[in-house]
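Data block below; observations after.
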Amino acid sequence: MKELKKNETISLNNSSNLTLFILEKNTSYSFLLNYQLKKTYNFNIINFRIIKQLLIEFKQLCPSILLLDNEFDYANSLDILNFI
């Protein structure tokens with residue numbers, strides 16, 4: 001994965017090459033996000049409901065984009081980003 005510099009943006013023209021991780025405990029919302037983003041941008045999307053799973057896969061796949069649920073009982077999205 002290419003690391004972005006400050007104020008650099010990701011081009012969505014070839015979005016099928018971008019991996020997107022979604023961490024969401026609400027499966028219905030996760031499904032809707034997955035459907036709409038895949039339809040609109042054709043991202044390679046991987047859904048997670050467990051933070052530990054996301055962190056393990058993060059090291060291996062290095063996603064380009066993270067969408068994080070902020071309502072987990074024992075960690076919020078800022079905690080997860082700080083850990084990464």
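A heavy-atom distance below 4.5 Å is found between the side chains of Leu54 and Leu68. For the pair Glu24 and Leu67, the minimum side-chain heavy-atom distance is 4.5 Å or more. Ile51 has its side chain within reach of Leu23: a pair of non-hydrogen atoms, C-beta onward, lies under 4.5 Å apart. At least one side-chain heavy atom of Leu55 sits less than 4.5 Å from a side-chain heavy atom of Phe83.
Rounding to the nearest 0.5 angstrom, the gap separating the CZ atom in Phe48 from the CZ atom in Phe21 is 4.0 Å. We find the CG-CG distance between Asn34 and Asn47 to be 4.5 Å, quoted to the nearest 0.5 Å. One distance of note links CG of Leu18 with CG of Leu37; it measures 11.5 Å at 0.5 Å rounding. The CG atom of Asn44 sits 11.0 Å away from atom CD1 of Ile65, with the distance rounded to the nearest 0.5 Å. Glu57 contributes atom CD, which lies 12.0 Å from atom CD1 of Ile50 (distance to the nearest 0.5 angstrom). The CZ atom of Phe31 lies 11.5 Å from the CD1 atom of Ile22; values are rounded to the nearest 0.5 Å.
In this structure, Tyr29 is a member of the same hydrophobic cluster as Ile45, with clusters built from ILVMFWY side-chain heavy atoms closer than 4.5 Å. Under the 4.5 Å side-chain heavy-atom criterion for Ile, Leu, Val, Met, Phe, Trp and Tyr, Leu78 and Phe58 are members of distinct hydrophobic clusters.
Minimum interatomic distance between Pro63 and Leu66 (heavy atoms only, all atoms of both residues): CG-CD2, 3.9 Å.
In this structure a side-chain-to-backbone donor-acceptor pair under 3.5 Å is missing from Ser30 to Asn26. Lys38 places a side-chain N or O within donor-acceptor distance of the main-chain N or O of Phe43, the cut-off being under 3.5 Å.
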